[in-house]
Amino acid sequence: MNPTITKPQPLPHDDALATFAATLQEAIGAVYPDAPQSAIAFEAPRNPQFGDFATNAAFSLTRIAKRSPQDIASALVAAVLERRPELRESFAEITPTAGFINLRIAPAIWQAVTARVLSDGAKFGEFAARNMRISLEFGSANPTGPLVVVQGRTCSLGATLANAMRYCGYDVFVEWIINDAGGQLDTLGRSLYARYRQIFDPAFPMPEEGYPGDYLPPIAQSIADNDADRWVNAPEDEWLPYFSKTGRDTLVAEQRETVQRFGVGYDLWQSEKELHDTGKIKAGLERLKEAGHTYEQDDALFFKATEFGDDKDRVLVRRDGRPTYFANDVAYHYEKLKRADKVVDILGPDHHGYIGRLKGLAEALGYSRSHLDVMIAQQITLVRGNEIVSMSKRAGHIVTLDDIIDEVGVDAARFFFVMLAPESPLTFDLELAKEQSNENPVYYVQYGHARIASVFKNADAGDVEAARTASLEPLTNPAEIALARRLAELPRVVENVVENLAPHRLTRYARDIATDFHQFYHECRVLVDDRNLRFARLGLCLATQTILARTLSLMGVSAPESM
RNA sequence: GCGCUCGUAGCUCAGCUGGAUAGAGCACUACCCUCCGAAGGUAGGGGUCGAAGGUUCGAAUCCUUUCGAGCGCGCCA
């Protein structure tokens, strides 16, 4: 994703930083008139002793100022405070250290952010609509079998990303492409037909390269239940279309069920065959032809992919007139590029070599390369403890996404599949995923949420209600401030997830919230006698619960009241 | 051979587009429940960020080279 200029609703600490940045700009202009104007950037220091935010503005002035960064930083801090002494109210510390200017936000500001969480609820931090349409495609599979583990990962990543994009104000359109246009539909039809014939004659052979999985016999059986033996003696040109279509329709329906069960929603299930039937494939090819990016050779139509960085030209239409898989992609991406400001594909590990070709394609179709982003989800190794779970398709014992959900549940599966950076290969430990212990990160996070709910059960109902609007001024303990500060990060974290196509950062954030909460819980008793303090802490708990639940909901993971 | 991705603690991995003493979980060691859920918290040991150069105030991060691992390179989909 390209960084975009839209900002979330500014929060109190954003305002404080903006004021500081503006004042710092003025100070730089006054002290070093020759300095080039450049934006003041803040980052969170790794080490909390340096404060909440730091800017390295002094470093870029060393050349002009001909002084050490530390001297420059000191001079700038003095100048800033002279211009706007009231900044001391927003910042507990403004300290030049080793050339950095370190800032610590005042507790009152964090209290104000927490109050905002309480008033905004689940909508906290959401960006205003930015009138930008994103087409997001993921999961897409051949309609020739059940969804498998890799779709679990692409769907988890994709759905999380879609949620994050919506949070950031994008108009997201989620699509699935059904690969029902190629020769695999014939194979499916023949395999299903063989299963059907086997009902009447167990010795009937499966076709070479057929699909051996145990998901076809039930479909064959239902055909036999409806039609009895009417297809046994039918000619191939009658039974093949019927068995292909029936298999395809049934399997797509099952895939949709699985995806829905997994908590992933789609706006469009696009049939590739339909793109053919409605002339879209042709339109895409025409576009490339008109732009002069094709040529004919050996009676086949080629795309000049080498002109766009690919290592060889690619066939679009075969000698026999049938379009290739890539031609379908040309058409479909042309469609998507036309109707979206941004197109993002999440593909499986076997599509590595494809990414450059697709970007080149976008360019050839008259769009910029950055109009299209491709995210590759690396492969998954299924493991049960120390034992590798075989997923050999050839041997017929495939592990389906439904199997995984049955075994570990939706929450653990969704969390584990997004936990790692997409480009990192994932080892999915089924035993760990269903283990209800401290080794399991899902439970650690959910436990935090349940623990808060438990505090509320022990509190007077009236207190919890009153806490929604109570003064948060009593929150001054470092653990309380650290937690409040963490809650304030949500908008930035989600924005970062979208801009870097990095959904896994959400899981880390969820763990960070849980950690900060557990520390707070250990440090500060919530239900104390002091009424004001009790209300304030209940308010902090409410805010934490809100942010934790929201973060989990972005990932499609539930936030249980008890467990 | 060409291309993509990855090499960070014993293991599994983060590292926010170049920042300060490289982090987390697990495992290991030692602690913490008369009190809101111990599915929790605290402390400790453990690293030449695969290697070598380069860019600059500053590199795990960017560039080049190199070693190692995985994957992809059909008129299959």
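Each chain gets a letter, A, B and so on, in the order the sequences are listed, and its residues count up from 1. It should be emphasised that the depicted structure is a prediction, and the values quoted were computed from it without experimental measurement.
- In U17(B) the base sits syn relative to the sugar, since the glycosidic angle is no further than 90° from 0.
- Here S454(A) lies in heavy-atom contact (under 4.0 Å) with a base.
- Nucleotide A39(B) is matched to nothing when pairs are restricted to Watson-Crick or G-U wobble geometry with both distances under 3.5 angstrom.
- Counting non-hydrogen atoms under 4.0 angstrom, A54(A) reaches a base of the nucleic acid.
- Using a 4.0 Å heavy-atom cutoff across all strands shown, C541(A) reaches no nucleic acid atom at all.
- In this structure, L420(A) reaches the sugar-phosphate backbone alone: every heavy-atom distance under 4.0 Å involves primed, P, OP1 or OP2 atoms, never a base.
- Remark: K434(A) NZ is packed, more than 12 non-hydrogen atoms of other residues, nucleotides or ligands lying under 6.0 Å away.
- For the pair R46(A) and A20(B), the criterion of a side-chain N or O lying under 4.0 Å from OP1 or OP2 is met.
- In this structure, P349(A) reaches the sugar-phosphate backbone alone: every heavy-atom distance under 4.0 Å involves primed, P, OP1 or OP2 atoms, never a base.
- No engagement by A181(A) is indicated, since no non-hydrogen atom pair under 4.0 Å with the nucleic acid exists.
- Using a 4.0 Å heavy-atom criterion, one finds that S60(A) contacts no nucleic acid atom at all.
- At whole-Å resolution of the value, CZ in F100(A) and P in G18(B) are 14 Å apart.
- Once the 5.5 Å centre distance and the 30° plane angle are applied, the aromatic ring of F50(A) is found stacked with the base of A20(B).
- At least one side-chain nitrogen or oxygen of Y444(A) sits closer than 4.0 Å to the OP1 or OP2 atom of G41(B).
- Residue-level contact check: Q70(A) touches neither bases nor backbone, having no heavy atom under 4.0 Å from any strand.
- When the side-chain nitrogen and oxygen atoms of H522(A) are compared with OP1 and OP2 of C36(B), none of them lie within a distance under 4.0 Å.
- Between R525(A) and the phosphate of C33(B), there is no side-chain N or O to OP1/OP2 separation shorter than 4.0 Å.
- S68(A) comes within contact range of no nucleotide atom at all, as no heavy-atom separation falls under 4.0 Å.
- At the phosphate of A14(B), OP1 or OP2 sits under 4.0 Å from a side-chain N or O atom of S424(A).
- Taking a 6.0 Å sphere around CD of E387(A), one finds it holds 12 or fewer heavy atoms contributed by other residues, nucleotides or ligands.
- Counting non-hydrogen atoms under 4.0 angstrom, A459(A) reaches nothing in the nucleic acid.
- In this entry the distance linking OH of Y509(A) with P of C16(B) reads 18 Å, nearest Å.
- Rounded to an integer number of Å, the gap from CG of L316(A) to P of A77(B) is 13 Å.
- Between H504(A) atom NE2 and C6(B) atom C1' the separation is 14 Å, expressed in whole Å.
- Here F326(A) lies out of heavy-atom contact (under 4.0 Å) with every strand.
- In this structure, R508(A) does not reach the A24(B) phosphate: none of its side-chain N or O atoms is under 4.0 Å from OP1 or OP2.
- Remark: the separation of the P atoms in U61(B) and A20(B) is 13 Å, to the nearest Å.
- Base orientation at C36(B) is anti, since its O4'-C1' glycosidic dihedral falls outside 90° of 0.
- Residue H351(A) has its side chain nearest to A77(B) when only G41(B), A77(B), A38(B) are considered.
- One can place CE of M419(A) at 13 Å from P of G15(B), the figure rounded to the nearest angstrom.
- For the 3.5 Å distance criterion, the side chains of H333(A) and D345(A) qualify, holding a donor opposite an acceptor.
- Backbone-only contact: Q379(A) has heavy atoms under 4.0 Å from sugar-phosphate atoms and none from a base.
- In this model, the phosphate group of G18(B) is not approached by any side-chain N or O of N56(A) to a distance below 4.0 Å at OP1 or OP2.
- Nucleic acid contact for M563(A): base, since at least one base atom lies under 4.0 Å from a heavy atom of the residue.
- At a threshold of 4.0 angstrom between heavy atoms, the contacts of D310(A) with the nucleic acid are absent.
- For the OP1/OP2 pair of G37(B) and a distance below 4.0 Å, the side-chain nitrogens and oxygens of K457(A) include no atom meeting the criterion.
- Judged by atom type and distance alone, N102(A) reaches the base of A20(B) through a side-chain donor-acceptor pair under 3.5 Å.
- Using a 4.0 Å cut-off, some side-chain N or O of R318(A) falls inside it from OP1 or OP2 of C76(B).
- Residue Q519(A) has a polar side-chain atom (N or O) positioned under 4.0 Å from OP1 or OP2 of U42(B).
- As rounded to the nearest Å, G7(B) and C16(B) have P atoms that lie 12 Å from one another.
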